[in-house]
**Student:** 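Got a structure here, written out as structure tokens. Questions coming.
Numbers for residues simply follow the sequence, beginning at 1.
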Amino acid sequence: MSKRWIWGGVVVLVGVLAVGFFVADRATSGIASFWVWRALSSDAQSGRSVHVNEVDIYFETYGKGEPLLLAHGGLATIESMHEQITRFSGERRVIVPERREHGRSPAVEGPLTYADMADDMIALLDFLEIQRTDIFGWSDGGIIALDMAMRFPERVGKIAIFGSNYHFDGVEDSLGDSLGDPASEEIAPMRVMYEAVSPNPDRWPEFFEKITTMWRTEPQYTESQLATIDAQTLVMVGEFDAVLPEHTESLARAIPDSQLEILPGATHFAPLDDADRVNDLLSSFLNK
């Protein structure tokens, strides 16, 4: 076989692989590119688990500088925050945990609660010897940020949240349609990611049941509790978010001097699929 044919075959193979990667990257909302970036970037440190509060919590760190804790949404993994990781790791020490039972953190006994998960975040900060950190929380992650700001104000700098509710009745009724079925197509991407990285991949139905039970009963914060938050706070939400507009507005009003940003045309998934707008707002808030 001539060298010309060999090189032609190589070119074709590279082209096929490139197309395949492009398709896979789009199908995973950029997660495939993130995995490549994580493998090659000097800002990415290796992940590990730490035993705190009688549970194991997996976390990854990136970059250096002032700390920024990224708190993912319910059912999600570190990968869901990849747009924020790659944006801020060049200027911050970014800490990204997977909360108890999520992602690479193993199953635990008993129910899931926001208070327990907030306690885990404080214990992780203790382990990392971080006295105070800014936080960006998406959905459940934002609820964790609110809980930390209310109960551990000395550990929290600025907090920014996206698509978070302070009471369980603050989300659309239609959301409940998918909460009873762990095989729902609506949450299939989360299920696939969980099964790919979890040490307990067969426990998805049990995990799903635990977290949806939590969603039906928590959080139950009051506006008077929110009024005790003294951290500078940015409340973000998509125009078409699952969190009711009036609920988000009352959340922002309750927190003293908070900043409210409603993203036109955006959904609950804007930190991933409309990341530039979210990250620009977050960057301006953190750096002012």
**Student:** Would a 4.5 Å heavy-atom cut-off, applied to side chains only, mark Trp35 and Glu79 as touching?
**Tutor:** yes
**Student:** Please name the residue in the list Arg48, Arg38, Arg93 that meets the salt bridge (Lys or Arg N to Asp or Glu O under 4.0 Å) test with Glu60.
**Tutor:** Arg38
**Student:** Should Glu98 and Arg104 count as an ion pair when the cut-off is N to O under 4.0 Å?
**Tutor:** yes
**Student:** Any salt bridge between Lys158 and Asp134, counting N to O under 4.0 Å?
**Tutor:** no
**Student:** For a 4.5 angstrom cut-off between non-hydrogen side-chain atoms, does Asp120 reach Arg99?
**Tutor:** no
**Student:** Looking at every non-hydrogen atom in both residues, tell me the closest pair between Val108 and Lys210 and how far apart they are.
**Tutor:** O-NZ, 2.6 Å
**Student:** Using a strict threshold of under 4.0 Å (side-chain N to carboxylate O), is an ion pair present between Glu209 and Arg203?
**Tutor:** no
**Student:** Charged N to carboxylate O under 4.0 angstrom, Arg277 versus Asp280?
**Tutor:** no
**Student:** Tell me, do Ile85 and Val96 make a side-chain contact under 4.5 Å, heavy atoms counted?
**Tutor:** yes
**Student:** With the threshold set at 4.0 Å, does a side-chain nitrogen-carboxylate oxygen contact exist between Arg253 and Glu223?
**Tutor:** no
**Student:** Would you say the side-chain atoms of His268 and Asp241 include a donor-acceptor pair closer than 3.5 Å?
**Tutor:** yes
**Student:** Would you check, one step at a time, whether the test side chain to side chain contact (heavy atoms under 4.5 Å, CB included) holds for Val278 with Met236?
**Tutor:** CA-CA 8 Å; Val278 173; Met236 293 183 283; 4.1 Å; yes
**Student:** Which heavy atom of Ala118 sits nearest to which heavy atom of Asp147, and what is that distance?
**Tutor:** CB-OD1, 3.3 Å
**Student:** Any side-chain donor paired with an acceptor under 3.5 Å for Trp37 and Asp43?
**Tutor:** no
**Student:** Quick one: do Trp204 and Met190 satisfy side chain to side chain contact (heavy atoms under 4.5 Å, CB included)? Show the steps, please.
**Tutor:** CA-CA 10 Å; Trp204 169 261; Met190 295 178 180; 4.2 Å; yes
**Student:** Taking all non-hydrogen atoms of both residues, which atom of Ala270 and which atom of Ala266 are closest, and how far apart?
**Tutor:** CB-CB, 4.0 Å
**Student:** Measure across Ser105 and Asp56 and return the closest heavy-atom pair with its distance rounded to 0.1 Å.
**Tutor:** CB-O, 3.6 Å
**Student:** Side chains of Asp274 and Glu83: does their closest heavy-atom pair fall under 4.5 Å?
**Tutor:** no
**Student:** Are any of the side-chain nitrogens in Asp119 or Arg151 under 4.0 Å away from the carboxylate oxygens of its partner?
**Tutor:** yes
**Student:** So which atom in Tyr194 and which in Pro201 form the shortest heavy-atom distance, rounded to 0.1 Å?
**Tutor:** CE2-O, 3.9 Å
**Student:** Are the aromatic ring centres of His102 and His72 under 6.0 angstrom apart?
**Tutor:** yes
**Student:** Check step by step if side chain to side chain contact (heavy atoms under 4.5 Å, CB included) holds for Leu234 and Glu261.
**Tutor:** CA-CA 8 Å; Leu234 170 63; Glu261 296 286 350; 3.7 Å; yes
**Student:** Apply side chain to side chain contact (heavy atoms under 4.5 Å, CB included) to the pair Gln259 and Thr233, showing each step before the final yes or no.
**Tutor:** CA-CA 6 Å; Gln259 175 184 340; Thr233 304; over 6 Å; no
**Student:** Do Phe168 and Arg216 have side-chain heavy atoms sitting under 4.5 Å apart?
**Tutor:** no
**Student:** Is there a side-chain contact between Asp116 and Tyr114 in this structure, where contact means two heavy atoms from C-beta onward sitting under 4.5 Å apart?
**Tutor:** no
**Student:** Would you check, one step at a time, whether the test side chain to side chain donor-acceptor pair (under 3.5 Å) holds for Asn279 with Gln84?
**Tutor:** CA-CA 7 Å; Asn279 288 346; Gln84 289 71 48; 2.9 Å; yes
**Student:** Does a side-chain N-to-carboxylate-O contact under 4.0 Å join Glu154 and Arg132?
**Tutor:** no
**Student:** Determine whether Leu281 and Leu263 make a side-chain contact, defined as any pair of heavy atoms from C-beta on separated by less than 4.5 Å.
**Tutor:** yes
